[in-house]
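Chain A is the first sequence line, chain B the second, and so forth, proteins listed ahead of strands; every chain is numbered from 1. When reading the values below, keep in mind they use all heavy atoms of this one structure, side chains included, and skip hydrogens, waters and symmetry mates.
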Number of protein chains: 2
Amino acid sequence: MVQAKKSFDGFFKSAFTVDNVIFGFDDGKLKVLLIKRNEEPFNDFWALPGYFVQQHEDLDAAAQRVLRETTGLENVYLEQVHSFGSPGRHDFGRVITVAYYSLVKVADFELHAASIAEEVAWHDVEEISTLAFDHEEIIRVALNSLKRRIRTQPVGFKLLPPAFTLTDLQHLYEAVWEVDLEKRNFRKKILSMNLLRDLGRSQTGVAHRPARLYSFEENRYRELEEEGFNFELKEGKRK
Amino acid sequence: MVQAKKSFDGFFKSAFTVDNVIFGFDDGKLKVLLIKRNEEPFNDFWALPGYFVQQHEDLDAAAQRVLRETTGLENVYLEQVHSFGSPGRHDFGRVITVAYYSLVKVADFELHAASIAEEVAWHDVEEISTLAFDHEEIIRVALNSLKRRIRTQPVGFKLLPPAFTLTDLQHLYEAVWEVDLEKRNFRKKILSMNLLRDLGRSQTGVAHRPARLYSFEENRYRELEEEGFNFELKEGKRK
DNA sequence: ACAAAAGTGTTCGTACTACACCCATGC
DNA sequence: GCATGGGTGTAGTACGAACACTTTTGT
């Protein structure tokens with residue numbers, strides 16, 4: 001076996017990294033978490049929180065670790081989206097990267113720049129400037145994945161605080177899909193799914209009729225899923 | 001820069017491969033193309049057509065090349081699905097693999113075992129035995145991707161011959177989704193999309209009323225897509 | 001009182017569901 | 001003539017689209 005291995009040595013000269021696209025929702029806009037690098041290459045550029053995977057580390061675990069080390073985010077559910085491996089994408093040699101993405105509640109985390117990050121911040125997805133490596137493309141691909149996913153999986157709730165209004169939820173969908181949705185129909189559809197719990201409370205201190213607050217019932221969703229229920233929302237027309 | 005690179009050497013000891021999940025449809029059943037390996041590890045095991053990516057090769061191009069070299073298939077549109085990188089998945093060291101998948105017409109290709117393949121053959125997806133590496137898992141993931149994809153993209157046609165009957169198409173969906181669909185409604189839905197051209201011909205030599213033959217109008221689909229049309233079929237109830 | 005957003009009733013049309021029935025061919 | 005799928009008509013229903021109106025709060 002060691003004999004056999006010999007002839008394959010030429011293939012074992014690559015490295016791989018993980019890069020995390022962390023989406024948040026704040027101020028009615030879709031955000032993505034970026035770090036400012038303090039290491040070559042692309043020193044001082046904004047980039048996705050990512051780094052090399054260690055020799056004996058599982059990919060998913062590496063994504064978790066790197067995210068924690070660069071941004072302080074912990075216990076975040078990460079999902080793989082796509083791998084990127086153009087031969088010239090990294091100055092130091094052949095590096096392919098496996099991209100992960102996640103949806104989080106902005107308010108839940110205190111950001112701590114560390115490791116190769118000298119700064120961490122939420123950026124508007126709409127206003128991303130030049131990033132390190134091919135990270136703009138990675139975000140584009142992750143965003144497409146998100147657009148499809150929130151249509152058929154109740155993942156949008158992960159971006160909202162535990163108590164939210166129906167209008168919050170609608171704005172979220174409108175921001176991600178870049179469409180306008182009709183209020184009445186959106187509400188009817190969402191409520192008919194029986195996935196929300198009416199918290200019996202309302203907003204306070206708003207200069208208009210306060211909106212009722214809801215929470216997402218994860219357990220209820222799992223029950224319904226068992227019975228063959230499919231979450232699905234329609235995208236309206238483009239803005 | 002070379003100085004900087006030094007300290008990263010420890011990361012550049014991995015290899016990566018591509019593995020292709022090629023789906024076909026024949027005899028009313030969903031098939032996947034496998035090769036019998038003639039190389040360690042997993043010598044003599046059935047496996048997905050895959051191999052190491054070369055140092056300066058693009059991932060997508062590598063998938064194409066490897067598929068050609070192992071099976072003779074050329075000019076196949078491959079799409080990336082997922083990457084697999086458990087630390088222990090390959091005996092020779094750290095190897096992560098990027099999985100691709102495709103849908104082809106079984107009749108279009110003559111299979112030629114070559115390179116590390118001593119045999120190439122279509123296997124029923126339902127009856128896959130023990131495969132090399134984690135290839136069973138890879139197929140499972142690719143199959144899930146296929147199930148979702150044929151719902152919203154007109155890719156199912158890629159599995160059928162250029163002239164097919166509506167029943168062929170229905171059987172294809174039934175096989176992939178493992179459901180029974182209602183004939184009348186399936187036909188109405190498909191025909192209402194205006195994506196099929198009635199070829200004016202019919203089957204011959206069948207012991208019942210011969211079915212009309214249709215072809216898929218790729219151009220028509222692209223036109224409709226421009227206008228905002230969305231292909232979508234509903235899965236019926238599970239079998 | 002007024003602005004601003006929450007929240008509801010209802011009408012209309014389209015499209016999916018579920019059956020039942022007739023048609024063309026080979027043996 | 002009979003078995004075997006191909007192909008069609010239609011009634012009932014559910015659901016999305018569109019729109020107008022009422023309610024509740026802060027200033």
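At whole-Å resolution of the value, CZ in R151(A) and P in dG16(D) are 12 Å apart. What separates NZ of K183(B) from P of dC19(C) is a distance of 15 Å, to the nearest Å. Across the protein-nucleic acid pair, F164(B) atom CZ and dG6(D) atom P stand 14 Å apart, rounded to whole Å. Atom pair E182(A):CD and dG7(C):P shows a separation of 15 Å (rounding to whole Å applied). Distance, H208(A) NE2 to dT25(D) P: 12 Å, rounded to whole Å. Whole-Å rounding puts the N230(B) CG to dG16(D) P distance at 16 Å. Rounded to whole angstrom, the span from the OH atom of Y214(B) across to the P atom of dG6(D) amounts to 12 Å. Atom P of nucleotide dC19(C) and atom CG of D180(B) are separated by 14 Å, given to the nearest angstrom.
Side-chain proximity of R209(B) to the nucleotides dT8(C), dT24(D), dA24(C) is greatest for dA24(C). Here the side chain of T167(A) is nearest to one of dT10(C), dA6(C), dC16(C), namely dA6(C).
Under 4.0 Å is where a charged nitrogen must lie from a carboxylate oxygen, and between R222(A) and E218(A) at least one such pair does. Using a 4.0 Å cut-off between charged nitrogen and carboxylate oxygen, K147(A) and E178(A) count as a salt-bridge pair.
Summarising the geometry of S202(B) relative to R212(B), their closest heavy-atom pair is OG-CA, 4.0 Å, with the distance given to 0.1 Å.
Summary of the strand contacts: T165(A) and A207(B) both lie near DNA chain C, and taking for each the nucleotide with the nearest heavy atom, the more 5' one is attributed to T165(A). Closest-nucleotide positions on DNA chain D for N185(A) and P210(B) were compared, and the one nearer the 5' end corresponds to P210(B).
Taking the six-membered ring for Trp and thresholds of 30 and 60 degrees, F216(B) and Y221(B) have ring planes inclined between 30 and 60 degrees apart. Note on ring orientation: taking the six-membered ring where Trp is involved, the planes of F231(A) and F157(A) are perpendicular (angle over 60°, cut-offs 30° and 60°).
Of the residues in residues 186-206 of chain A, those with a non-hydrogen atom less than 4.0 angstrom from any atom of DNA chain C are R187(A), K188(A).
Between F23(A) and V125(A), the closest side-chain pair of non-hydrogen atoms falls below 4.5 Å.
If you check distances only, the side chain of R184(B) does reach the base of dG9(D) with a donor-acceptor pair under 3.5 Å.
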Intermediate values then yes/no, side chain to side chain contact (heavy atoms under 4.5 Å, CB included), K158(A) and Y77(A): CA-CA 10 Å; K158(A) 298 186 181 189; Y77(A) 175 72; 4.0 Å; yes
